[in-house]
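Have a look at the structure below before the remarks.
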Amino acid sequence: MAALPYFDEIDPSTIDVLLVTHFHLDHAASLPYFLEKTTSKGPIFMTLATKAIYKLLLSNYVKVSKVSVEDMLYDEQDILRSMDKIELGHVLGAAMFMADIAGVRVLYTGDYSCEEDCHLCAAEILQFSLYFNSEKMAKTIRRLAEKTPEVGETVSGFLVKKGFTYQIMALDDLHVFSQLSTENISQRITIAYSGAFGVLKHRLKQIFESVESLPDEESEGPAFRVHERLTVKYESEKHISLHWRSDPISDMVSDSVIISILLILILITSYC
């Protein structure tokens, strides 16, 4: 239950509509539980591509979950029932929703990517300027204060408002003044896969071209790397795992590889 979003402060039966922007688990994984285990009545909107990949990812999540049946948040049947309730670019199939209520417009973006890939063009960032009616003074602190700026010099940093005063700090100093910090995140996902590991590598190489085997001593078992960004490792006869350092490009590569593996599994199953 701790893996679920915090639903305690809302009454699911009062929710008029659910908007799912894309299939990533941090946006859609709790949907079967919310639809089947609460008083939610929907409706739910997402794109057709998101709906298709949503089913593949969540079905795989149920298969690789290591908790007991009693502790499972939902099962395959809950996922299938949730599919019937769905009415309908960061990743393939992603969408933004514009809500117009009583003349007030709100754009729900979800996540978006500024990197172009083989599926989608990059999100367009509009440039704009902010004009103040009065002069604002900000004090440079920490490493930005080590050198006094010249008159007219532009100072780039993180603008913080404390009461009625402003301070500018370097992003690397953020953790000193708050509980926030910046760091690279290592991602790992396990996928249920019982086919031949060599066949998987061959099929992915046909799709991505840049697929290279890793020495066993480096990866502690059979493994290969895709585009020098993502490592696919053999875990057991029934599981493989994917590992990567999170950044916009590596995240897009991992999405493409995960979807390709799930589609390969469907092909293998259809031949059996």
Side-chain angles (χ1 to χ4, degrees), residues 2-3 22-30 50 52-69 71-76 79 90-94 111 113 115 117-120 182-272:
H22 60 288
F23 58 77
H24 281 163
L25 295 183
D26 60 326
H27 285 254
S30 65
T50 295
I53 301 172
Y54 155 87
K55 179 177 182 296
L56 290 174
L57 281 181
L58 266 65
S59 295
N60 177 74
Y61 164 75
V62 169
K63 292 176 183 177
V64 302
S65 293
K66 297 181 180 180
V67 298
S68 63
V69 175
D71 294 331
M72 287 289 290
L73 297 175
Y74 49 81
D75 57 23
E76 188 78 26
I79 297 173
H90 171 59
V91 287
L92 186 64
D111 296 336
S113 174
E115 301 288 344
D117 69 358
C118 59
H119 300 300
L120 300 171
T182 58
E183 63 180 55
N184 291 324
I185 300 174
S186 295
Q187 300 275 26
R188 181 183 188 275
I189 186 173
T190 301
I191 298 178
Y193 180 82
S194 56
F197 192 67
V199 172
L200 176 63
K201 176 190 172 185
H202 174 72
R203 287 182 176 272
L204 289 178
K205 192 164 187 176
Q206 291 177 318
I207 299 172
F208 297 98
E209 295 184 357
S210 179
V211 176
E212 302 295 335
S213 296
L214 296 177
D216 287 353
E217 58 271 16
E218 178 181 335
S219 58
E220 299 179 354
F224 56 83
R225 190 179 297 276
V226 180
H227 282 302
E228 299 183 352
R229 290 183 173 271
L230 176 139
T231 300
V232 181
K233 296 180 65 174
Y234 175 86
E235 297 289 347
S236 69
E237 293 181 354
K238 296 184 178 180
H239 298 98
I240 59 173
S241 62
L242 278 62
H243 308 255
W244 70 97
R245 296 294 291 256
S246 186
D247 63 62
I249 297 178
S250 297
D251 289 344
M252 286 190 293
V253 172
S254 68
D255 284 334
S256 299
V257 172
I258 291 169
I259 296 169
S260 298
I261 293 174
L262 294 174
L263 293 176
I264 290 171
L265 280 171
I266 293 175
L267 291 173
I268 293 175
T269 304
S270 65
Y271 291 146
C272 294

(message) My understanding is that only residues two or more places apart in sequence, or in another chain, count here; which of them pass side-chain hydrogen bond (donor to acceptor under 3.5 Å, both in side chains) with His227?
(response) none

(message) Just verifying a value: how many Å separate Arg188 CZ and Thr231 OG1, rounded to the nearest 0.5 Å?
(response) 12.0 Å

(request) Could you tell me the separation between the CD1 atom of Ile249 and the OG atom of Ser254, rounded to the nearest 0.5 Å? (result) 12.0 Å

(message) With a 4.5 Å cut-off on side-chain heavy atoms, are Glu235 and Thr190 touching?
(response) no

(message) Pairing donors with acceptors under 3.5 angstrom, does anything connect the side chains of Ser241 and His243?
(response) yes

(request) Indicate yes or no: at least one non-hydrogen side-chain atom of Leu56 is less than 4.5 angstrom from one of Leu265. (result) no

(message) So, taking the atom named CZ in Arg245 and the one named CG in Asp251, what distance separates them when rounded to the nearest 0.5 Å?
(response) 12.0 Å

(request) Answer yes or no: is there a side-chain heavy-atom contact under 4.5 Å between Asn60 and Ile258? (result) no

(request) Could you give me the CA-CA distance, side-chain angles and deciding distance for Trp244 and Gln187, then say whether side chain to side chain contact (heavy atoms under 4.5 Å, CB included) is met? (result) CA-CA 5 Å; Trp244 70 97; Gln187 300 275 26; 3.3 Å; yes

(request) Could you please spell out the steps behind the side chain to side chain contact (heavy atoms under 4.5 Å, CB included) verdict for Leu242 and Ile261? (result) CA-CA 11 Å; Leu242 278 62; Ile261 293 174; 4.1 Å; yes

(message) Taking atom CD as the centre, does Gln206 end up with more than 12 heavy-atom neighbours from other residues, nucleotides or ligands that are less than 6.0 angstrom away?
(response) yes

(message) When you compare the side chain of Arg225 with that of Glu228, does any pair of heavy atoms fall below 4.5 Å?
(response) yes

(request) Step by step, work out the side chain to side chain contact (heavy atoms under 4.5 Å, CB included) result for Tyr234 and Leu200. (result) CA-CA 10 Å; Tyr234 175 86; Leu200 176 63; over 6 Å; no

(request) Kindly compute the distance separating CZ (Phe208) from OG (Ser260), expressed to the nearest 0.5 Å. (result) 3.5 Å

(request) Any chance you could measure Ile240, atom CD1, to Ile191, atom CD1, to the nearest 0.5 Å? (result) 5.0 Å

(message) When you measure from the side chain of Ser250 to the backbone of Ser246, do you find a donor-acceptor pair of N or O atoms at a distance under 3.5 Å?
(response) no

(message) With a 4.5 Å cut-off on side-chain heavy atoms, are Phe197 and Val232 touching?
(response) yes

(message) Nearest 0.5 angstrom please: Ser210 OG to Leu204 CG, how far?
(response) 12.0 Å

